[in-house]
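Presented below is the structure to which this report refers.
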Amino acid sequence: MRHIYIHVPFCRRRCSYCDFAIAVRKAIPAARFVAAIRREHELRRRLGEWDGEPLETLYLGGGTPSLLDPEAVADLVRHFTGEAGGATRPQESDLEITLEANPEDVTREAARAWVACGINRVSLGVQSFHPGVLRWMHRSHGPEAPARAVKLLRSAGVRSISLDLIFALPESLEHDFRSDLEAAVALEPDHLSIYGLSVELRTPLSRWISRGAIAPPREERYAEEFLLAHEYLTARGFEHYEVSNYARPGFRARHNSAYWRGEPYAGLGPAAHRYQLTRSGEWMRAWNVDQWAAYEPLVAAGTDPTAAREILTTEKRALEAVYLGLRTSEGISPADPLIRAALDEGPLLKLAISKGWLRNGGNRLVPSAEGWLRLDQLVVSLTTSAGGG
Ligand code: SF4
C-alpha cells in the first residue's frame, strides 16, 4: 500500500468538542497496541488485501499517538518502513512519516527518538494560544507549550511541522482568532490546519448547548474568520491548498493529498478506514469497529475487525471526485471521464463562475476562498443531474 494510516485511539481526557473514536486512559497500553496493529496487518495480508506497492506515506493519527512511548512509535514505524525496503528510513528519505502529537508530550528525548526512527513530519494539536479557550476545550496543555514543542522538534531535526488551530468559537468565549494566527505564524510552522468548530452529537459541547449553558457559534463568525485566515496566511507566503490546510511551498501534506486525489490507502487500528480496489476490480471503502475494547480481542483471536464495507458505484465515485477535487486548490478537470460523469455544466456552473466562487483556469475549475465557504452548496449545484441534488 502506498499510503498507510494507523489510528492510535488513546487520549488522557476527552476535549469538549471531540467525537472521535478514542479510549480515555491514564496508563497507555502501548505494547498491546503495537501487537494488535501487527496482527491486523498480518490478517490483511492473509486476506489478500495488501499489495506489494512501495510505501510513500505513513500517518500515525488519533487519538493521541504521542502518548505511545517512543519505543512503541519506533516499533510501528520500523515495522512498516522495514517492509517498504529499508531497515530504518533516515530523514533524507522520500517517505513522508507523520506523527500527530499534543504539545505537552514533546520532550527532547521523545523528539530525538521520533527522528531516529524516521518520523519527518509532526502535526501538533495547538488549537489556541488563549489559556481560557484551552481550558474550555479541556485541552491538557497551556499557552506556552506549543513554542517549547516546536523548538524541541526543530532542534531534533524534524523536517516539517504543522500546527492545528480552531476558529468559529462561541461568542461568549471572546476568542481573538487573529492573535492565535499571529502566535502560530510567529513559530514559523511549515504547515497549518485550520478547522471551524462544529458541534457534534455526544460531545460535552453539544450537552452544554442543549441545556442552554452556552450559545452555539454564529455562522457569520465562521465566514469572517475563515476569510481572515485566508487573507492573513496567504499574505505571509502560505498556499491555501485545501479548504482547511495551508502550507509553505514544498510542504503540502502528501498523505492527506492522496485522500483528496481519491488514491487507495490502508487503515489499521480501531475506527480506521481503508479504501482500495478489490480483486474483482471494485472500489471498496471499509472501516473497523471503533472501540479499542472491541478491536483488541478481535484481532487477538485472528478475527477480521471490519465493522462494515461499501462498494462504491461509478456514480458515487464520480460525486466524491467532484467533492474532493473542489476541496483543493487543484480543483477539478471537466475533461476527466470520472468528473464528467457527475458534473452538470448547466446554468448553475455559470452562476458559480459569475459569482466568483469558481474560476475557469485553463482546463480546470478551481474554487476561490468564497467558493470554499459554500463548498457543500457548490457541489450540490454542480452535480444535480448526477443525483447530487
Ligand atoms: S486530543 Fe484530539 S482526539 Fe483526543 S479528545 Fe482531544 S481532540 Fe479528541
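One-based numbering, in listed order, for ligands and for the atoms of each.
Shown in contact with Asn102 at under 4.0 Å from a heavy atom are these atoms of ligand 1, numbered in order with element: 1 (S). Close contacts between ligand 1 and Tyr17 involve ligand atoms 7 (S) [criterion: under 4.0 Å to a heavy atom].
The only member of His273, Arg274, Gln276 that meets side-chain contact (heavy atoms from CB on, under 4.5 Å) when paired with Arg285 is His273.
Sorted by first and then second residue, the side-chain hydrogen bond (donor to acceptor under 3.5 Å, both in side chains) pairs involving residues 5-17 (not counting sequence neighbours) are Tyr5-His7, Tyr17-Arg139.
Between Arg374 and Glu370, at least one side-chain nitrogen of the basic residue sits less than 4.0 Å from a carboxylate oxygen of the acidic one, meeting the salt-bridge criterion.
Under the rule for a ring-ring contact (aromatic ring centres under 6.0 Å, His included), the partners of Trp208 that lie at least two apart in sequence or sit in another chain are Trp136, His138. For Phe10, the ring-ring contact (aromatic ring centres under 6.0 Å, His included) partners at least two apart in sequence or on another chain are Phe33, Trp292.
Assignment of Arg139 to the shell around ligand 1 is supported, since a heavy atom sits closer than 4.0 Å. The shell of residues lying under 4.0 angstrom from ligand 1, judged by heavy atoms, includes Arg13.
Within the protein, the N, O or S atoms sitting under 2.8 Å from atom 8 (Fe) of ligand 1 are Cys18 SG.
Using the six-membered ring where Trp is involved, Phe80 and His41 have ring planes that are tilted, between 30° and 60° apart.
Under the 4.5 Å side-chain criterion, counting only non-hydrogen atoms from C-beta, Gln127 is not in contact with Tyr195.
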Steps toward side chain to side chain contact (heavy atoms under 4.5 Å, CB included) verdict (Asn360, Leu365)
CA-CA 5 Å; Asn360 201 343; Leu365 293 167; 4.0 Å; yes
